[in-house]
Amino acid sequence: MEKKRGDWQKARNTPAGKDTNAPLGVFVLEYDASNEDVEKTRNWKPIIKIAVSGAAGMISNHLLFKIASGEVFGPDQPVALRLLGSERSQVALEGVAMELEDCLFPLLREVDIGIDARKVFEDADWALLIGAKPRGPGMERGDLLEMNGGIFAEQGKALNDVAKKTCKVMVVGNPCNTNALICMANAPNLDKRNFHALTRLDENRAKCQLALKAGVFYETVSNVTIWGNHSTTQVPDFVNAKIGGERCTDVIDDQAWLENDFTPAIQTRGGLLIKKWGRSSAASTAVSIADAIKALVTPTKEGDWFSTAVITDGNPYGIQEGLVFSMPCRSNGDGSYEIVEGLKINDWLRERIKKSEEELAGERSCVAHLMGVSGGACPILEDTLLPGEM
Ligand code: LMR
């Protein structure tokens, strides 16, 4: 039975963030066999709830429509979208919800919007944490960590209290690795392995540049790992990458280019894009979030892997525990992952991976108080940068 807005009001007296009058674009559609194309819906899975923060922003504006269309979770997966905005973006959020409504996506069964994470995250199966504040003029990295860390500590607590225990959390808002760590520390009811920070964008950027250099289509580039932090210390690994099944370094026989051009180009690609475009990457970030989710909900191709930043506890590469660090992972398609062992770490890689590890350990120290640990100092000596900062 379809619920009209008035019914919704009756059913849930306080739809996200408002006491009276359901906001525009907010709806719930329930299965009604007599109204549905039974052939189409018979094998649909139970609905999943996807919470998205920063939902009125540019990245979300690309991502939400992909999710609602079925492109991300599959053509048999109905979805409920829970959109989290800020007080400032509340009205814009209604506009986003109205556009979703106007698309007539068959798989989109619910849209709810709000500014209270505790309501929006209720029973969430996935939380895509996109909203974060960019670094302002004169702000040190420590200040940025503090400002965004506070938001992610609150959101972690909210997830802990109201989301499903199995909720998968993908942190996109920068500095995403440490924000994910803070969120995780504040959500002890959720398994640490449910948390990811997005480095798939960096992987995609690396695949494209390797393909262009080799003069091949990017589909043939595989086994690309981004190690470490989503910052300018990240390490795009050309040592273990493959092109057409061959070692990348055999296909691109130009070590100087790989070390001195390719590597910094990937590390600072976000910044170059901001320079050209005038704002941070949005469409490509959304595509990479979709790719990162698909990588977890579909089995990884035999012999390949993908990059995602995950908890280092028990990792096979000797990276210190208690960090969210990008590594090569595989999935059997049920939303979980395993870290791929046995990649060759030569001296060049080792030295750079270490630098990213030290950077992340420094970031962790700066936000210790947001993780419930007392006595942390903020030892960031070098003011390292996000990919978008130059
Ligand atoms: C990117 O890599 O494009 C972004 O993370 C850039 C940024 O700092 O917002």
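In listed order, ligands and their atoms are each counted from 1. The shown structure was predicted, so the numbers you read here are calculated from the model rather than taken from an experiment. We use all heavy atoms of the structure for the numbers below, so side chains are in, but hydrogens, waters and symmetry mates are not.
- By the 4.0 Å heavy-atom criterion, Arg205 is counted among the residues contacting ligand 1.
- Ligand 1 lies nowhere less than 4.0 angstrom from a heavy atom belonging to Arg269.
- Using a 4.0 Å cut-off between charged side-chain N and carboxylate O, Lys213 and Asp254 make a salt bridge.
- Tested against Val324 for a side-chain contact (heavy atoms from CB on, under 4.5 Å), the candidates Leu181, Thr199, Val171, Thr178 yield a single pass: Leu181.
- Note that the CG atom of Leu296 and the CG atom of Asn332 stand 10.0 Å from one another [nearest 0.5 Å].
- Proximity of Leu273 to ligand 1 is not established, as no heavy-atom distance is less than 4.0 Å.
- Ligand 1 places these atoms under 4.0 Å from at least one heavy atom of His230: 1 (C), 2 (O), 4 (C), 5 (O).
- For the atom pair CE of Met184 and CG of Asn179, the computed distance is 12.0 Å after rounding to the nearest 0.5 Å.
- One side chain, Ser231 or Glu359, offers a donor N or O that lies under 3.5 Å from an acceptor on the other.
- For ligand 1, the atoms sitting less than 4.0 Å from at least one non-hydrogen atom of Ser281 are 1 (C), 3 (O), numbered in the order shown with element in parentheses.
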